[in-house]
Amino acid sequence: MTNELRVLRARHGLSQAELAEKLGVSRQTINAIETGRYDPSLPLAFKIAALFGHRIEEIFSVEDGARKLEGRLERRAG
Amino acid sequence: MDNDPSNDLSANRNSHWPAVWILLYGNYGPRSPEGRRYFVRSNIALFAIVVCMVLLALLRHVIPMSIARLVAAITPGVAFAYIAWEYRRYVSALDELARSMQFEAVAWTYLCALPVAMLLGGLGFAYHWRVNWYWFVALEPMRAVWLYFVSRRYQ
């Protein structure tokens with residue numbers, strides 16, 4: 001499973017520790033999710049999606065189709 | 001450092017699991033409140049076993065042997081039951097990655113212990129060996145080693 005967590009975190013100017021604190025998890029969990037070594041639980045995925053104002057499928061995907069999010073974000077920014 | 005996002009964007013940043021604590025105690029150390037509570041309470045339980053055994057040795061001529069035997073027999077079990085209860089509370093309070101790592105370490109330890117127990121039981125049955133069941137205590141260091149290896153996956 002791939003995810004756009006690192007991109008979203010960077011766009012919001014958050015460190016791993018700050019994001020972890022907002023989500024109530026450890027920084028290691030954020031790091032493991034970003035590196036694709038750990039797939040978050042559904043409640044955590046919902047929390048992440050709510051925090052960044054996206055749908056879960058816009059952040060997490062089973063294939064590299066998550067690149068769509070970058071395009072959508074760029075369109076919003078542009 | 002952690003407050004600066006630019007320092008924190010590397011996907012390969014080390015996770016900094018406390019390896020020494022993991023190997024020595026099978027947990028993530030007393031940095032968190034739940035970690036501190038588990039560390040303090042489990043050590044109190046272990047200390048209680050030592051105190052109880054010392055008292056039994058000192059008072060062996062004062063208290064009846066039947067009572068001394070009973071206390072010596074149940075004290076470790078009661079203490080470790082309390083430690084297990086505190087461990088359950090500790091694991092419940094962890095975040096989901098740390099908790100899943102603990103569960104995986106426990107699962108691997110169980111899977112290793114099962115054939116060892118069956119082998120010892122079989123040897124004891126076949127050759128009338130007296131198996132010392134205190135080998136069970138070695139499961140804790142084994143769990144710590146498994147936790148260490150699991151934590152390496154998320155470095």
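Reminder, nothing fancy here: chain letters follow the sequence lines and each chain counts from 1.
Between A/Arg37 and B/Arg153, the closest heavy-atom pair is CD-O, 3.0 Å.
B/Tyr110 and B/Phe136 fall within a single hydrophobic cluster, where Ile, Leu, Val, Met, Phe, Trp and Tyr side chains are chained together by heavy-atom contacts under 4.5 Å. Transitive grouping of hydrophobic side chains (ILVMFWY, heavy atoms separated by less than 4.5 Å) brings A/Leu8 and A/Ile48 into a common cluster. Cluster membership check: B/Trp21 does not share its hydrophobic cluster with B/Tyr154, using side-chain heavy-atom separations under 4.5 Å among Ile, Leu, Val, Met, Phe, Trp and Tyr. Residue B/Leu23 is grouped with residue B/Leu147 when hydrophobic side chains (ILVMFWY) are merged at heavy-atom distances under 4.5 angstrom, including chains of intermediate members. Hydrophobic clustering of Ile, Leu, Val, Met, Phe, Trp and Tyr side chains at less than 4.5 Å, counting indirect connections, unites B/Trp135 with B/Trp108.
For residues 36-52 of chain B, a heavy-atom distance under 4.5 Å to chain A picks out no residue at all. Against chain A, the residues from residues 76-103 of chain B that qualify, each with a non-hydrogen atom under 4.5 angstrom away, are B/Asp95, B/Glu96, B/Leu97, B/Ser100 in number order.
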Review point. Can you check side chain to side chain contact (heavy atoms under 4.5 Å, CB included) on A/Gln28 and B/Trp17, steps first, answer last?
Key: CA-CA 8 Å; A/Gln28 288 95 331; B/Trp17 293 105; 3.3 Å; yes
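Enclosure of atom CZ in B/Arg69 is not indicated, since only 12 or fewer non-hydrogen atoms of other residues, nucleotides or ligands lie within 6.0 angstrom.
For A/Pro40, the parts lying under 4.5 angstrom from a heavy atom of chain B are both the backbone and the side chain.
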